[in-house]
Amino acid sequence: MRYIAAFLLALLLPPAAQAQDATAKPETKGEYLARAGDCVACHSVADGKPFAGGLKMGSPLGAIYSTNITPGKETGIGLYSLDDFDKALRKGVARDGHRLYPAMPYPSYAKLSDEDVKALYDFFMKEVPAARQANLDPEIPKLLRWRWPLAVWNAMFTDKQGFTADPKHDAPWNRGAYLVQGLGHCGACHTPRGWAFQEKALDDSGTAFLAGANLDGWYAASLRQNLATGLGGWSAAEITEFLKTGHNVHGSAYGSMLDVVNNSTSYLTDEDLAAIGTYLKSLPADKTEPAYAYDASTATMLAGGHPPDPGAALYATTCQSCHRETGGGSPPFVAPLAGNPTVLTKDASSLINIVLNGSQPLVPLGVPEAYRMPQFRAQLTDQQIAEVVTFMRQAWGNKADPVTAKEVAELRKSTDPSSDQVVILRMR
Amino acid sequence: MDGLLAPFRSAGVKSSRRNFLKASLAAGGGLLLTARIHGIAKAAVSGEAGPREIALNAYVRVAPDGSVTVTAKNPECGQGIKVMLPMLIAEELDVSWDKVRIEQAGYDPKYPAQVAGGSQATPVNWLPMRRVGAAGRQMLIQAAATTWGVQASECDTTPGVVRHQASGHTLSYGELAEKAAAVKVPDLEKVPLKDPKTFRIVGQPMRNVDGEKIVTGQPLFGIDVTVPGMLYAVFQKCDVHGGKLVSSNVEAIRKLPGVKAAFEVKGGTDLRGLLDGVAVVADSWWRANRARQQLQITWDEGDITGQNSADFARKAAELAKGAPSSTVRKNGDPAGALAKSAKVVEAAYHYPFLSHIDLEPQNCTASFVNGKVEIWAPTQNPAPGSKLVASTLGIPESAIKINMIRCGGGFGRRLSNDYMVEAAWISKEAGAPVKLVWTREDDMRHDLYRPAGYHFFKGGLDGAGKLIAFTDHFVTFSQDGAVANSANLEPTEFPARLVANLELGTSMMPLRAPTGPLRAPRSNGLGFAFQSFLDELAHASGKDPVAFALDLLGEPRVLPDPPGPRATPGFHTGRMRGVIELAAEKSGWGKTKLPKGTGMGLAYYYSHLGYFAEVVQATMAANGLIQLDKVWIAGDIGSQIINPLNAENQAQGAALDGLGTAIGHGLTIEKGKIVQGNFDTVLPLRMRQSPPVEVHFRVTDFPPTGLGEPALPPSLPALGNAIFAATGQRIRSLPFKDQKLNASA
Amino acid sequence: MPYIIQVNGKQHTADVESETPLLWVLRDTLNLKGTKFGCGAAQCGACTVHLGGQATRSCQIPVSVLGASNVTTIEAIGETPVGKRVQQAWLELDVAQCGYCQSGQIMSATALLTKIPNPTDQDINQAMNGNLCRCATYTRIRAAIKRAAELARA
Ligand code: FES
Ligand code: FES
């Protein structure tokens, strides 16, 4: 009940006044679409020029770097015609004919309307300042750098069709579908990938679509209506709140979703966010599971002061003061652990990752969040993290498998601690 | 008695001015004693100044009701000085301790040594404060003798009362106070002092005067100060120290909730003064800080080439291949002796930059009105703060009033007053009294850091295992061309003077970040490196480390310092032997049979005139973590432990501070910025890691000295040496957490 | 917006943003300075208060989630028998050096002794793990907790 009250309260509050300038609301349609596509998150680095590229991204073959998409003539896309731009965006073919790695989500962008492509083109050509910054070579072994197999890959896995509205659904649903499948490219993280690293489904015709996936040591949860591990317990309004602020009563954004909220979804209109909520609520569960039910005995045990095992003891000493003996946290500011899909989901990578590395501050609309998850990488051993995470996954009615020290050790090696610095990527 | 200060004088500084004691009638009646006594302080505060003459003032008031008020003139930051100095006066005055009220003095140029640093308060005040008390007692006796018409020599005192032995007449101090104010003051140099054997206060356990307030949560610290009309301030500086402000969205910040003022500040180039930044002032601290988090600032960071911890390490290793750029000391023929040695040991040691991490983040309250500013500051060193505020705000020092507030930890951080000048400036610009409070991240990222250091050692042993050659190439840091604060190496660094062929040399790397003294400055890093390497040599020699140390020290004697501004009374090998033997005895060194995976490590160090040897016992637990089992401390700080209750606490705290530092502190610099910001990345010792600590003092016939610092340096190497004894693994780089040896239980 | 909160058995109103941590409401709005700020990140324990009897870091409790739960701070902990004994033991053993962490330590120790009247070293390690003492007075904190337990038995 308390959480619901807190949530209602949050809705009643006037939005905090915002410091204006680089984080101002989008001024043009093109800029808005660029926000919706979150182009800046991949094509900029924290201390670099907007859209000048240079972000290092892991790929199964080796690291690659995002490219300069400013209108600079030598190093950017200044010489691109609308047609060139369109080919890159929707087909993954650059002006010089080379094929883009599918880290660029052109299989999703293929859904974009001609009109939106034009608006985006205008934004990048006329509103983004040109930056002279050469692109970096991929760190992929020379032999594997041939890009012709990508043509085959494209032929096999990308959708030739653009988005067509489904007359069985209303306009908001269709708008939501367009945003989720297209510009939002949600599937890039949330849809499991197949043998050739292709997303297993590009729209709601496949049950794998947005069914949850592990990418780079983070597990992007299912966005389908799974009762415990998906969005089955979230209302459309809660989904909207999450996308707008990065928090709701069920959880908080982290990992690359944090970048999505910071640079993209917090800038979308309420109508578009509601449309996304409507659409996501329509995706049926891909597996049956019991709904999460709260169990108060953990709270009683923790309040009593005699934690029965090392995991519970660690929770009591290191986690409880924020996430509380109830596991309820202080939503929307401090995420609950009881019933949180990130805690319940089979793949515990994200949960381990957050405990190891903490969380970078969320900055929806340029306002950093008030509470930050610290890192425990230096304070706890692999064994201790495994114990405490296992405890969280089995407390308060949570039912998920234990975690081993080995899993923690692997993630410790492959991840870096997150910085406490507020990062705001500028678009202009 | 005067002879006790002689060693200082031998350093070439003479007391030139006259001491005086003035007696007058106190407001409200009674006796007021004002003393100004000159003494010599060994200024270990900054590591820069030599011994200097200082004047100590004391105010003692004996009221008609017999109560005694003593002004505590020094800043209190947890070292217990607020109790200790009044104890000395009360002892010789002969009053009972529960009649004594202690009053914290504000900053006043008439107290020229209002500094908490260098563990110097004890050696400097020991005699002068006692003399003030003794003089007061004599005057009270004289007043009574006159009243009774008897000789003063026929009278004596019991606490608070003068008694005529023959007649049994008594008069209380309260009754005598007014009359005593008219008595001629005795010559301070000649006033007889008590035989320490008769002490009733000194040497007794005395509790913290602020204890009640602390346990009931009464406002006490700088951060608790409230003044009428006060607003709250935060100040955002460039994380590259000294970076220049180019532009900001400060206009937008002014519109945020609760914000009363927000403005850009153009500071200077002195990293200890006012720097560029943006100040935000609001009606609550939280609102000020929330608004500040929305600042978007463009900085000119200046040249940050090579300002990375990784680059420093690489460069240090490169420099170590060549000869040191300057020689600190050379004896005999080190190269030749190394070549002739039966065994040569070589090792490279490293310790990182450290932040002081006072638990109370830096803060200051200031009220600027009509060209005058009143300041409430938790500071260890108000005098330079006053000068800094005066020169930065362009006002005379006479327009500045500084209230010294109890510090929530000092450790050397509050010897600099950057936060003070910020508060004063912001109050002036905002036109209101402000309380400036830094965040933990501000505190860690804008400190004056204990400099990192890189040592490249070589040691040569002859066939009998005797140390015949020793060299250290110390790669350290420079700032603006000169050696960085607290980054120097002295020619007396142990084992100098004890090894026939020895060379100490340094090379420097330029550093942007400011550095400064941290509890046991220099010794806190040097102790780790030298004492760990000496342990390596002991093991290489095949001798037990205690035996190796005693051999090295040889016969009890004083090894004099080379004459110069930093000279101390010299290093007494016998005092060091004494504490090593005591630590070995108390810990059962070599006698206790330790289980496999458990080991004891010994280290010893002389700093701030104190001799300390410490033994740490550690166990490698099954989970691969080091567990601290126990610590034994043996210290020689002279003839008198003034307040044993506090002394034990200080010694335990210092050793545990050292262990925590060894395990979990350490900063890295990337692109000129400190990476760590809070206690999730810098890990002070916690309760579960904290072992029992036994403290033993060896009382010797030397002047008493301070204790806040010298108990710290040996604990770090003692832990490293214990880990070696337990596991066979030698750790040559701090902090240990980076070696996956985060101690835990 | 105004929040009505219960602190030390009394009702107070704080007109602050919903996200405002209890710590700053206590310190700046209610002028209760005993609860200290050390890290703002649940890492030091200087801000420890009791919330419904649980030792809690007030820097991590948004005022808007308090509802009707009672907050007890160091200023009122001496009104409980356990708190009073803890304060007494702290004074007796002269635990504090700078003293800055001690209100938080006392709050955690009181919560521990309320739940477990005779704690073992392991209990103490666990309950006090969240409270840093930069002056490292841990030896005496441990002894004082045991002394407070002994006072209760006497
Ligand atoms: S200030 Fe709350 S835990 Fe440090
Ligand atoms: S007494 Fe200083 S921090 Fe604990």
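Labels below follow one simple rule: chain letters A, B, ... track the order of the sequence lines, proteins then strands, and each chain is numbered from 1.
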Please state whether the side chain, the backbone, both or neither of C/N31 comes within less than 4.5 Å of a heavy atom of chain B.
->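 Looking at C/N31, just its side chain touches chain B.
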For the candidates [options], which exhibits the highest count of non-hydrogen atom pairs separated by less than 4.5 Å from chain B?
options	answer
C/E19, C/Q105, C/K36, C/M128	C/E19
C/G99, C/G34, C/S103, C/G83	C/G99
C/T137, C/T29, C/L132, C/T139	C/L132

Test item: C/K115 and C/Q54 side chains (from C-beta on) under 4.5 Å apart, heavy atoms |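 C/K115 reaches C/Q54 side chain to side chain.
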Heavy-atom side-chain contact between B/T661 and B/D657 under 4.5 Å =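 Answer yes - side chains close enough.
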Is it the backbone or the side chain of [X] that comes under 4.5 Å from a heavy atom of chain C, or both, or neither?
X	value
B/M444	neither
B/D224	both
B/K435	side chain
B/R406	side chain

Of all of B/A654, B/P684, B/G211, which one pairs up most often with chain C through heavy atoms under 4.5 Å apart?
->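 Among B/A654, B/P684, B/G211, the one with the most close pairs to chain C is B/P684.
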Pick from B/Q218, B/E212, B/R290: which one has the most heavy-atom pairs with chain C under 4.5 Å?
->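 The answer is B/R290.
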How about C/F37 and B/W285: are their ring centres within less than 6.0 Å of each other?
->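 Yes, ring centres under 6.0 Å apart.
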